[in-house]
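Report on the following structure.
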Amino acid sequence: MAEQKKVRFVIERQDGPDSAPYTQEFDVDYRPGLNVVAALMEIQKNPVTVDGKKVAPVVWECNCLEKVCGACMMVINGKARQACCSLIDNLEQPIRLQPARTFPVIRDLLIDRSVMFESLKRIQGWVEVDGSWDVKDAPIQNPYTAETAYEISHCMTCGCCMEACPNVGPQSDFIGPSPTVQAYLFNLHPLGKFDAPKRLNALMEKGGITSCGNSQNCVQACPKNIKLTTYLAQLNRDVNKQALKNIFNH
Amino acid sequence: MANKPEKKIIVVGGGLSGLMATLKICEDGGKVDLFSYCPVKRSHSLCAQGGMNACMDTKGEHDSIYEHFDDTVYGGDFLADQLAVKGMVEAAPKLVHMFDRMGVPFTRTPEGVLDLRNFGGQKNKRTVFAGSTTGQQLLYALDEQVRRWEVKGGVKKYEFWEFIKIIKNKDGVCRGIVAQNMNSNEIQAFPADVVILATGGPGQVYGRCTASTICNGSAVSAVYQQGAEIGNPEFLQIHPTAIPGSDKNRLMSEACRGEGGRVWVYRKNPQTGEKERWYFLEDMYPAYGNLVPRDVASRAIYKVVVHMGLGMTNPNRVYLDLSHIPADYLEHKLGGILEMYDDFVGQDPRKVPMEIFPSIHYSMGGIWVDREHHTNIPGLMASGECDYQYHGANRLGANSLLSATYSGTISGPEALRLARSGKLGDALTSEELEAARKECVEEFDKIRNMNGAENAHQMHHELGDIMYKYVSIERDNNGLKQCMKELHALLKRWDNIGVTDHGNWANQEAMFVRQLRNMIIYAMAITKSALQRDESRGAHAKIVLKSDYDSWDAAKQKAFDEKNGKYHFDAETGRAMTDDGNDDLLFFGRDDEKFMRTTVVSFDAANNEPEVTYREFEHSLIKPRLRNYAVAKKE
Amino acid sequence: MFHTTFYVRRLHSLVGLLALGMVLFEHIFTNSMALGGAPALNGALAMMELIPKPIFLGLEIGAIAAPLLFHAIYGIYICLQAKNNPGRYGYVRNWQFALQRWTAWFLVVFLVWHIFYLRIFTKGIAGTPISYELLQSYFVANPVYALLYILGMFAAIFHFCNGITTFCMTWGIAKGPRIQNVISLMSMGLCAVLCLVTLAFMGSYFVM
């Protein structure tokens, strides 16, 4: 039998938030269709480095393995991606895994993305329904608008756009492409649009949409192919109109 | 509201059910501590694809709530509590309106109303959907609403906290939980008035399944070991169409077939001998065709591949074909999952048939609850997939999003009512809280320092292999007995696990070791219940063995002989098989007299053994009748 | 509810495109007169001298110095918010994003030198009027300075032209990817033309 083909992983590890990063290398048996999460799972079963040292298994976050939960975002060969759908066959080897350092690192590849969820509070990312009880029918919606909403509503808060965006990070207060564009989602809804001025005003605050520098990395990095830059431009338009209203209506 | 004392409910689990319960409690003026393994927005509910059933009747088919009710009960092979199901199907259209108002981007007709699609086991279009990511969209809507309540101060989220166990007061009432922060590994005890578990299914017991890595049933198993009863755990849904993978089997929605997808294999035409595509589901079940319920479809695929040797073998696959449907229609209705197939398999399902095989998908069983979602432990409630309610022996596709949401609308308000009833006895004292916490800390420290030879992840893999081998599509009593033995052996080996990570910071390995033990114990509950249930019903199909036949009385043997004509017992396996040359397996029939009862399992801690009993349930509304999808339902 | 950040940022964008854009065009236009030799450039410079002194000074302060200072200082703040990463994400727009910031840094240094030496020291303190002859002798004697001036112009032109593209995005004028691309291509075309003009008039000092 031919010798088992191996895949080399170079993983940037870090024991805690304040520890210094270091790298370790692992070999994983190749098989067709292998992805990065599956490879990390293999390392869990036998956490031994290429030097034969038995180490603690690599820590990372994953849930669904179907590219819908957004948990397993990491930097793979320099780019932010979902690890579950990163097939080994499509990656240059050795494969370098790093945590997305735009966010605070907890351990190894595990990062703290709570800032994204906090930003969703800031932009009022919800429809102000009276309650979960029944109140007649819901309004009819333009199916084309609904389709745009559906596209934006695919955003899984994975943070790829945040990691790719040069204006997001510890050096900046920008809330990032994803939470910003979510504001547009709720402004599209027939009930959500009642609060559109609130959301637009929130985007005008420090760290809001004005911090976008138009590098347009977000739209390239988005694993869900959301047309982020288009909606950012639309929001810019809406925000400008809102600014005029703020000036002339009061 | 100011004069009502604010009661605190702990909700464990942030999927659809947990979030719905949370929302209801907040709206009624209660406070919630919401615990979750992960940010609630990443809960497993988002993996649901096809849609949510509700009788909207907007397609001119004269659909009715009764029809939905009957389809669900019939699909569940008459093992579901009918009053509970009735409540659920009646609420369904209202819940859809609620989601619509909350901003779920449902797919719409050209005139802007909600579109409906076909789904398995139902003749009418009854499934509202948001492309092929309905669960994601519904979960996000509730996540948003709960975030709104978080801002208002009704909810405090504990994300990345793992539930370890409940704490009972001296009267045996559940009044708190112990949980662990998964990053800092800090263990804390939290008091509450009532605890709702909404922790989802136990898919990970089978290793490779359509469930997320977080769906390990560990919390359910933990309360089971503390005295909660499990209902119907032997009924595990095997989804017919999943993309098999070594890390997980990825779901390929039933919506594919709802939108016209066909399942086929190559065969030699029996008459002409020419190679042809055999659309076997359409052949075997002319009335429902590709849209038979999941248990039926899975068994058919299994039979065609494993027993008839058709389709692809090694690995086993059949084709699920969408390539005859116009690409833009597919994009509109199924976009998300087609992209997924492309991502993970590297082929375009708009052009070539997909290769799929059945996989463990959903647990109809779970913690036993009454219709108000109380468990047998006072003060502990369960809701969502982790309870056993609504689906009986088999769940219809697109009923899970409904049951998850609906159960939350019941358990939430009921929890608050119970909290305000004053019947819960004393709150936990700080000594009781500290004692419970300390116990868990000691247990965790012990696990962290385990130094044996076994690797927990390797053992988890073996657990999955064992369960797939013995307790999946076709079961037999010999296999189930063997399975119990192997599970006991596995549990013993658990003591000999060694961890390489002895630290106390984000130690995922040690937490997994704790979960693994719970999984093995839950697996035993599944297996033992399957062993005891000597019938076939819904997802539980049991092959008749020589030893079974020999144990029957003469009357039963005679009935079996008459029903099955000429058959023999296989010399090697002892399985009953037909003599017609096909060697078709013979299964136990449905035994309403003995087994139209809920399986109730409680834990015998002394022997680590499940104890199985049976309990009556409400089935007075629709009389049981034979379930046969080859013919239309009411013929 | 007065969103200072928002208005300052938008003002930064407006000032960059309109006020500083005017200044840049005026410089290119006037300097391109060098192509016509000494009489043409000196004539153009003399035209400006026709503007009454107080008004000219007012314009210099109000329409050039103030906008420039504001754009530069706030621009530095904006630059500090970025972690340029075209090495990892080598898309065209990301390179342009990074170049916008790198040219900004270069321009800050260049403009300080340029303004202090020519406007404040030579014209202001020494009282030497700017003329074709002065510039020619200066550049020919110091080819390195000439090169720095060419680079300074290139930086300013790129910064301005790329600014047109981002302006169209920031103000929501160009929304979709196609129109954004068209505008980007047109601005880069303008950038190339202006750079060529710069090369031509700077070269003319050495040829003539």
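The structure presented is a predicted model; accordingly, all values stated were derived computationally and were not measured. So that the names make sense, note that chain A is the first sequence line, chain B the second, and so on, each numbered from 1.
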Side chain, backbone, both or neither: which part of [X] has a non-hydrogen atom closer than 4.5 Å to chain A?
{"X": "B:Q204", "answer": "neither"}
{"X": "B:H461", "answer": "side chain"}
{"X": "B:E339", "answer": "side chain"}
{"X": "B:Q458", "answer": "both"}
{"X": "B:L46", "answer": "both"}
{"X": "B:N455", "answer": "side chain"}
{"X": "B:M102", "answer": "both"}
{"X": "B:T109", "answer": "backbone"}
{"X": "B:H332", "answer": "side chain"}
{"X": "B:H97", "answer": "both"}
{"X": "B:F512", "answer": "neither"}
{"X": "B:M20", "answer": "side chain"}
{"X": "B:L251", "answer": "both"}

Please look at [X] and chain B and tell me whether the side chain, the backbone, both or neither of the residue comes under 4.5 angstrom of a heavy atom of that chain.
{"X": "A:V58", "result": "backbone"}
{"X": "A:N63", "result": "both"}
{"X": "A:K121", "result": "both"}
{"X": "A:Q124", "result": "neither"}
{"X": "A:I106", "result": "both"}
{"X": "A:P47", "result": "side chain"}
{"X": "A:N90", "result": "neither"}
{"X": "A:C158", "result": "backbone"}

For B:T134 and B:Q49, work out which heavy atoms get closest and say how close.
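Of all heavy-atom pairs spanning B:T134 and B:Q49, the closest is OG1-O, 2.8 Å.
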
Between [X] and [Y], does any side-chain donor sit less than 3.5 Å from a side-chain acceptor?
{"X": "A:D238", "Y": "A:Q234", "result": "yes"}
{"X": "B:E144", "Y": "B:Y140", "result": "no"}
{"X": "B:E27", "Y": "A:S132", "result": "yes"}

Residue-level interface, residues 181-199 of chain A with chain B, non-hydrogen cut-off under 4.5 Å
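Answer by number: A:F186, A:H189, A:L191.
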
Contact winner vs chain A - B:M98, B:M182, B:Q137, heavy-atom pairs under 4.5 Å:
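The candidate making the most pairs under 4.5 Å is B:Q137.
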
With sequence neighbours excluded, tell me which residues meet ring-ring contact (aromatic ring centres under 6.0 Å, His included) with B:Y158.
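For B:Y158, the residues satisfying ring-ring contact (aromatic ring centres under 6.0 Å, His included) (neighbours in sequence not counted) are B:F35, B:W161, B:F190.
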
